[in-house]
Number of protein chains: 2
Amino acid sequence: MTKEDIGVWDVCTNSALRRASRQLSQLYDDVLAPSGLKITQFTLLSQIWRSGDASLKTLADLMVMDLSALGHTLKPLIRDGYVELVPDRSDRRVKRVQLTKLGVQKQEDALALWTEAQARFEKSYGKAQSKALRKDLNLIAASSFADAFRSG
Amino acid sequence: MTKEDIGVWDVCTNSALRRASRQLSQLYDDVLAPSGLKITQFTLLSQIWRSGDASLKTLADLMVMDLSALGHTLKPLIRDGYVELVPDRSDRRVKRVQLTKLGVQKQEDALALWTEAQARFEKSYGKAQSKALRKDLNLIAASSFADAFRSG
DNA sequence: TTTATTTACTGGCATATGCCACTATATAAT
DNA sequence: ATTATATAGTGGCATATGCCAGTAAATAAA
């Protein structure tokens, strides 16, 4: 009977996306474990480094994340001394997100593990396939896609 | 400078996956809002229906979700009377997950909204593309993929 | 300049998800 | 039958993520 043979993930793109996310984050987390960072945290540290000293709002937009959600997620990283929020001098509403020395060091440490995870992923999934998949996913994450979806 | 121009999601498949998940769940949630269900909850109700009366463990495996995580996620749905856990007669450790009449009704109500969301997605992303993407994602969610990743 | 509006962030509450320790069963090994 | 081991769930704790209300500060409007 079809009902039992087909999963929601076979028909619902969102559930397929979340299910794959759970699996992959699990796999990356396992590899990153020795660093004490989860892949989500490593991702944040990496993006904070890449973004220079972006404001919370800017970083939230880049990450396609709710501003307050980002604030919450940063809490453990701030508590552990990897990240700090520096008030902007000109606009006193703004706080800039920066890596501490310890944070930079931690990111660099974990980078080797991430590279290992990424290598394993590409070995299993294919290097070109991986790149194509990221492109597809980044399209979905784009604000232009959200606009199209909402107006459609 | 490359550092600022390239996001983690351009190089890390996991972060690309999570970022796209956040965006898409957001979009689906908005469409489902009138039903009072989040897309994650609708997904669970749908899969519970599809799975007949699977045990928590079976459902967790199907959803590629931690057993206890599934238990937690079901709490609100049980509290609201959409789902119930029925102890198995033969194996007293096992609990079977079932939709209540109210749950079936709720799922059917929300189905129209989900269909709308899915239609919008396919209109923006392409029907064939969507199907291909789900296939890719389901490959990543497969246990065989996890095995390959871990041994790789 | 005084007021209205928009913007950036915070804190509280809720769901999503995972780990670990513990309990209850069931099954295999002796 | 007794003991060892494996399996299914539960409860507590922690992170991930989002909504909403409230505060502070900047900006536009009157």
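These figures come from a predicted structure and were not determined experimentally. Here is how names work: the chains are called A, B, and so on, in the same order as the sequence lines, proteins then strands, and each is numbered from 1.
- No hydrogens or angles considered: a donor-acceptor pair under 3.5 Å links the side chains of Gln118(B) and Tyr28(B).
- The residue among Arg89(A) and Leu67(A) whose nearest nucleotide of DNA chain D is located toward the 5' end is Leu67(A).
- Note: NZ (Lys75(B)) to C1' (dG11(D)) measures 7 Å, nearest angstrom.
- In this entry the distance linking CZ of Arg92(B) with P of dA24(C) reads 12 Å, nearest Å.
- In this structure a side-chain-to-backbone donor-acceptor pair under 3.5 Å is missing from Ser51(B) to Ile48(B).
- Shown for residues 39-62 of chain B: residues whose heavy atoms fall under 4.0 angstrom of DNA chain D, namely Ser55(B), Leu56(B), Lys57(B).
- Heavy-atom nearest nucleotides on DNA chain D were determined for Arg79(A) and for Arg93(B), and the one closer to the 5' end corresponds to Arg93(B).
- Distance, Asp88(A) CG to dT7(C) P: 17 Å, rounded to whole Å.
- A donor-acceptor pair under 3.5 Å is formed between the side chain of Arg50(B) and the backbone N or O of Ile6(A).
- Arg22(A) places a side-chain N or O within donor-acceptor distance of the main-chain N or O of Met63(B), the cut-off being under 3.5 Å.
- Of the residues in residues 17-30 of chain B, not one comes within less than 4.0 Å of DNA chain C through any heavy atom.
- The base of dC19(C) is paired with the side chain of Ser68(B) by a donor and an acceptor separated by under 3.5 Å.
- In this structure, Lys95(A) reaches the dT10(C) phosphate: one of its side-chain N or O atoms is under 4.0 Å from OP1 or OP2.
- Atom pair Tyr82(B):OH and dT15(C):C1' shows a separation of 15 Å (rounding to whole Å applied).
- For Arg134(B) (side chain) and Ala16(A) (main-chain N/O), no donor-acceptor pair under 3.5 Å exists by modelled atom type.
- Atom pair Arg96(B):CZ and dG9(D):P shows a separation of 8 Å (rounding to whole Å applied).
- Atom OG of Ser151(A) and atom NZ of Lys123(B) lie 7.5 Å apart (nearest 0.5 Å).
- In this structure, CG on Asp30(B) lies 9.0 Å from CZ on Arg120(B), to the nearest 0.5 angstrom.
- Side chains of Arg18(B) and Ser25(A): a donor-acceptor N/O pair is present below 3.5 angstrom, by distance only.
- Protein atom CG of Asp66(A) is 17 Å distant from nucleotide atom P of dT15(C), rounded to whole Å.
- Whole-Å rounding puts the Leu37(A) CG to dT15(D) P distance at 12 Å.
- For the pair Leu133(A) and Leu133(B), the minimum side-chain heavy-atom distance is below 4.5 Å.
- In this structure, NE2 of His72(A) is placed 9 Å from P of dT10(C), rounded to the nearest angstrom.
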